Amino acid sequence: MSALTPGFRGGRRTVSDRVPPGQYLTEGFPVLSAGPTPVVDTGEWSFTVVNEVGERVSWDWAAFSRLPHESPTVDIHCVTRWSKLDTTWRGVSVDTLLAEVATAADFAVVHSVDGYTANVPLQDLTDGQAWVVTGYEGAPLAAEHGGPARFLVPHLYFWKSAKWVSGITLHDEDQPGFWERAGYHDYGDPWLEQRYQSGW
Amino acid sequence: MTVWQQARLVERLRETDSAVTLVFEPEEWSGHLAGQHADIRLTADDGYQAVRSYSLAGPVEEGRVVFTVQRVLGGEVSTYLCDDLPVGAYVEVRGPVGGWFVWRGTDTRPVMLLAGGSGIVPLQAMVRQRRALGSRVPFRLLYSVRTPEDVIYADELARPEGGVDVAVRYTREAPPGARRAPRRLGLVDLNTHGWPAEFEPMCFVCGPNGFVEAAANMLITLGHDRHRIKTERFG
């Protein structure tokens, strides 16, 4: 008999070794956003990469659509404790986007049209680890899930996969993003349960 | 921030058929901001643990922290907390969490609170924080709820303090004699009970995603700056 929570038996024992500690599986796709869902017109959308010395390269929707696309199937893990396995997306590898800019930066900040930001070490965005996606499960990405385009960096907690993305800036120094300034972990590895800023 | 600590359940209050307020006494609590939440961890006899985040329902009082938990169908943590956890027993808590969906007493803008269902909890925490501070910042709370029986904090909302306007709107069943037929919150409701956009209020919207999506979009339609609209969604 545990001294804690007498009689608690729990329901959903996690059955997969693909689910990180403290997470539970969901079949749904919960929506979590800090503000209203922006209306982003693909006719006005563009994606811009700015390197650490201010050089920039941009793609409008048509140019972005012509880039080589991939269809990654990945597991995603939200810091609010749901995980979802085998989600399939369609988009452009960040490797493809970064190939157009020279950089020796160590850090990246992902930017959204609504001012949201998320910081990620650059080495976590290369070698097939991250995408800018415009499709989900065979359909255009819905606005509430970040459409027309969101970030996808599935090996980190999902707040790093910013919705409504507009670009990436590259930096020599780490710069905390939106949730990172509000108490969440700078890096966010779900397997190490890096949910909150150090101390937890 | 703190680590996991044990917290004893000292009081349980029924709010509605599906919502319960739980008062815990943690070993120590450093305090929190109105709108923040905290993690509750349950441990089964076989060592299995489950953690969920719940909104704190008001400021710390005499070292006690208050949660209001809505029972989720099939929810392993919420059903245990709502139905089974005995007074005097312990859970583990950790927090507070979240530095974005918060109202600080130092902000003097008018405040617009839009609650859907159990989304009332962090918003009422802001009303209670205002009260605890003796703040005179003008608040308006618009609460959309299914039926009169589903109103959480009904007694408290029926007698708001000066400077806090409360309007409850029903989506499925209105009280006898109500002039407004039950329906979802609309622009008319926001126009009648919200602050005009020119007042530049800080807007907090909390509830199920469909409610939050609709309410936040209505605020945009009415001219509110999206940077003054903070949302918290569940489900």
Side-chain angles (χ1 to χ4, degrees), chain A residues 1-15 20-40 78-82 112-116 142-145 159 163-164 176-185 193 195-200, chain B residues 1-4 6 9 36 39-53 74-77 79-81 84-86 88-92 94-102 203 205 208-210 212-213 215-220 224 226-235:
Chain A
M1 185 76 191
S2 170
L4 282 168
T5 51
F8 173 67
R9 289 188 299 280
R12 350 182 203 196
R13 302 288 193 281
T14 295
V15 291
Q23 298 289 111
Y24 62 86
L25 284 177
T26 180
E27 297 296 317
F29 193 171
V31 173
L32 295 158
S33 314
T37 297
V39 178
V40 183
C78 179
V79 72
T80 63
R81 298 182 182 278
W82 57 263
S112 296
V113 297
D114 63 345
Y116 182 91
E144 66 175 6
H145 291 304
W159 88 78
K163 299 177 182 179
W164 314 299
F178 178 90
W179 285 116
E180 295 80 6
R181 287 194 300 270
Y184 285 82
H185 197 277
E193 280 208 76
R195 299 175 191 276
Y196 311 119
Q197 288 293 352
S198 54
W200 283 21
Chain B
M1 296 230 181
T2 53
V3 294
W4 288 109
Q6 297 200 355
L9 181 65
Q36 285 189 299
D39 288 346
I40 296 182
R41 178 162 77 180
L42 307 180
T43 304
D45 288 352
D46 66 356
Y48 170 77
Q49 293 185 319
V51 182
R52 298 290 183 276
S53 268
E76 58 176 342
V77 176
T79 53
Y80 176 81
L81 291 174
D84 301 327
L85 179 69
Y90 289 83
V91 298
E92 289 175 292
R94 181 173 73 166
V97 177
W100 165 251
F101 194 81
V102 295
C203 303
V205 188
N209 182 57
V212 171
E213 196 69 16
N217 286 338
M218 282 189 272
L219 289 170
I220 300 273
H224 292 269
R226 57 184 307 110
H227 295 106
R228 289 194 311 273
I229 304 171
K230 298 192 177 193
T231 63
E232 184 148 287
R233 306 155 190 250
F234 49 80

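Note on naming: letters A, B, ... go to the chains in the order of the sequence lines (proteins, then strands), and numbering restarts at 1 for each one. Given the structure is predicted, the values throughout are model-derived calculations rather than measurements.
Residue Phe101(B): no heavy atom, backbone or side chain, is found under 4.5 Å from chain A. Of the atoms belonging to Asp84(B), not a single heavy atom falls under 4.5 Å from chain A. Looking at Pro38(A), both its backbone and its side chain come within 4.5 Å of chain B, counting heavy atoms on both sides. Within the 4.5 angstrom heavy-atom criterion, only side-chain atoms of Trp179(A), from C-beta onward, approach chain B.
Distance alone, capped at 3.5 Å, places no donor-acceptor pair between the Ser112(A) side chain and the Asp114(A) backbone. Between the Thr231(B) side chain and the Pro36(A) main chain, no donor and acceptor come within less than 3.5 Å of each other. The backbone N or O of Gly22(A) lies less than 3.5 Å from a partner atom in the side chain of Arg81(A), making a donor-acceptor pair.
Interface summary for chain A: among His227(B), Glu92(B), Gln49(B), Arg41(B), the most heavy-atom pairs under 4.5 angstrom belong to Glu92(B). When each of Leu42(B), Leu9(B), Ile229(B) is checked for heavy-atom pairs under 4.5 Å with chain A, Leu42(B) comes out on top.
Side chains of Glu180(A) and Trp159(A): a donor-acceptor N/O pair is present below 3.5 angstrom, by distance only.
Using bins of under 30°, 30° to 60° and over 60° for the plane-to-plane angle, the ring pair Phe178(A)/Tyr116(A) lands in the tilted bin.
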